[in-house]
K.L.:
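Got a structure for you, questions after.
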Number of protein chains: 2
Amino acid sequence: MADKSSKPDVPQPGKPVRGSKTGQPIMVLFDLIGRRWSMGILWNLSDGNRTFRDLQERCGSASPSVLNTRLKELRAAGLIYNAENGYALTEDGRELFVRLEPLGDWAMDWVEKLR
Amino acid sequence: MADKSSKPDVPQPGKPVRGSKTGQPIMVLFDLIGRRWSMGILWNLSDGNRTFRDLQERCGSASPSVLNTRLKELRAAGLIYNAENGYALTEDGRELFVRLEPLGDWAMDWVEKLR
DNA sequence: TACTTTGCTACGTTTTTCGTAGCAAGCAAA
DNA sequence: TTTGCTTGCTACGAAAAACGTAGCAAAGTA
């Protein structure tokens, strides 16, 4: 594994790999969680551990390869870890989730309004 | 393969174009804002109107084409609008930002910890 | 032992994003 | 009026990311 000849794949957390050059913390965070499935993964881990397959189902159309990439990224960033019975949020991950949670209720109203 | 002469480009809000099949509101929202630059744009509009160029600078490496796409998406979703002096948050956009704001302080601590 | 589930990797194909290069419109001197 | 600047965007080829599917080793189950 870790074939360096073809894929860079997993970005290092803390360094703005790609994205905002400013280096502002919020932008570093956005660069990490502002990707497909990242927030969905965190959201789905919030109420208990989930296996890879669980997450695949809950994240609808995420292919196993991207899902795997996202999981590695989030793990490298210290937001999730590999528990015995699947993936789980770390303390940091839970803290982040707490800040994400209010989006849930708001999204309901917003989607409602759009229809 | 549909029409080749024009780009689909702008997804319709409210319909999970690509992404989560579940249709859960939060996933619809994540599908919109969980893309490169989306949250950064909202963040940068929070403290006043910004021109296209302003946003380009603040969003570091966003190319004008993606930036334009993101702006169209957010506008279609009713989160931003085209004011006389640049782009601005709508009422909904401001409401969303309020829920995003706590991430800023947390990100500072988090990035600090990572170093 | 054989079968199933799980967690992933490989890999070829689409989609997205990037990185320029324009270009029309507005403005502001000259 | 012409010239030159800035702004908001579009075009387009190239690179990177995401997709979809196949497949495989390990662990669990019958």
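Sequence lines set the chain letters: A, B, ... in the order given, protein chains first and strands last, and positions in each chain run from 1.
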K.L.:
A:Asp54 CG to C:dT5 P: how many Å, rounded?
P.N.:
14 Å
K.L.:
For a quick test of reading the model: is some side-chain N or O of A:Trp37 closer than 4.0 Å to OP1 or OP2 of D:dA17?
P.N.:
no
K.L.:
D:dG8 C1' sits how many Å from B:Leu71 CG, rounded?
P.N.:
10 Å
K.L.:
Between the side-chain atoms of B:Ser65 and the base atoms of C:dG19, is any donor-acceptor pair under 3.5 Å?
P.N.:
yes
K.L.:
Would you please confirm or rule out a distance under 4.0 Å between OP1 or OP2 of D:dA18 and any side-chain N or O of A:Arg70?
P.N.:
yes
K.L.:
Over how many whole Å does the gap from B:Glu84 atom CD to D:dG8 atom C1' extend?
P.N.:
15 Å
K.L.:
Ignoring hydrogens and angles, write down the donor-acceptor pairs under 3.5 Å from the side chains of residues 42-49 of chain A, residues two or more places apart or on other chains.
P.N.:
unit_1, atom_1, unit_2, atom_2, d
A:Asn44, ND2, A:Gly40, O, 2.9
A:Ser46, OG, A:Trp43, O, 2.6
A:Asp47, OD1, A:Arg50, NH2, 2.9
A:Asp47, OD2, A:Arg50, NH2, 3.2
A:Asn49, ND2, A:Asn85, OD1, 2.8

K.L.:
Can you measure A:Phe52 atom CZ to D:dA26 atom P for me and round it to whole angstrom units?
P.N.:
18 Å
K.L.:
Mind checking side-chain hydrogen bond (donor to acceptor under 3.5 Å, both in side chains) for A:Glu91 and listing every partner two or more places apart, or none if nothing turns up?
P.N.:
none
K.L.:
So, does A:Tyr87 get its side chain near the phosphate of C:dT6, meaning an N or O under 4.0 Å from OP1 or OP2?
P.N.:
no
K.L.:
Using whole Å, what does the distance between atom P of nucleotide C:dT20 and atom CG of B:Leu67 come to?
P.N.:
16 Å
K.L.:
When you match B:Arg53 and B:Val66 each to their closest nucleotide on DNA chain C, which lands nearer the 5' end?
P.N.:
B:Val66
K.L.:
Test B:Leu79 against A:Trp110 for side chain to side chain contact (heavy atoms under 4.5 Å, CB included), laying out the working first.
P.N.:
CA-CA 10 Å; B:Leu79 298 177; A:Trp110 174 67; 3.9 Å; yes
K.L.:
Which nucleotide sits closest to the side chain of B:Ser63: D:dC19, D:dG8, C:dG19?
P.N.:
C:dG19
K.L.:
Does B:Phe52 form a side chain to side chain contact (heavy atoms under 4.5 Å, CB included) with B:Leu71? I'd like the steps, not just the answer.
P.N.:
CA-CA 9 Å; B:Phe52 192 89; B:Leu71 288 169; 3.7 Å; yes
K.L.:
Could you check how far CD of B:Gln56 sits from C1' of C:dT17, rounded to whole Å?
P.N.:
14 Å
K.L.:
Tell me: CZ of B:Arg35 to C1' of D:dC19, nearest whole Å?
P.N.:
13 Å
K.L.:
In whole Å, what is the span from the CD atom of A:Glu57 to the C1' atom of C:dC8?
P.N.:
16 Å
K.L.:
Side chain of B:Pro64 only, please: which of C:dG7, C:dT20, D:dC19 is the nearest?
P.N.:
C:dT20
K.L.:
Where the side chain of A:Asp54 meets the backbone of A:Thr51, is there a donor-acceptor pair that is under 3.5 Å apart?
P.N.:
yes
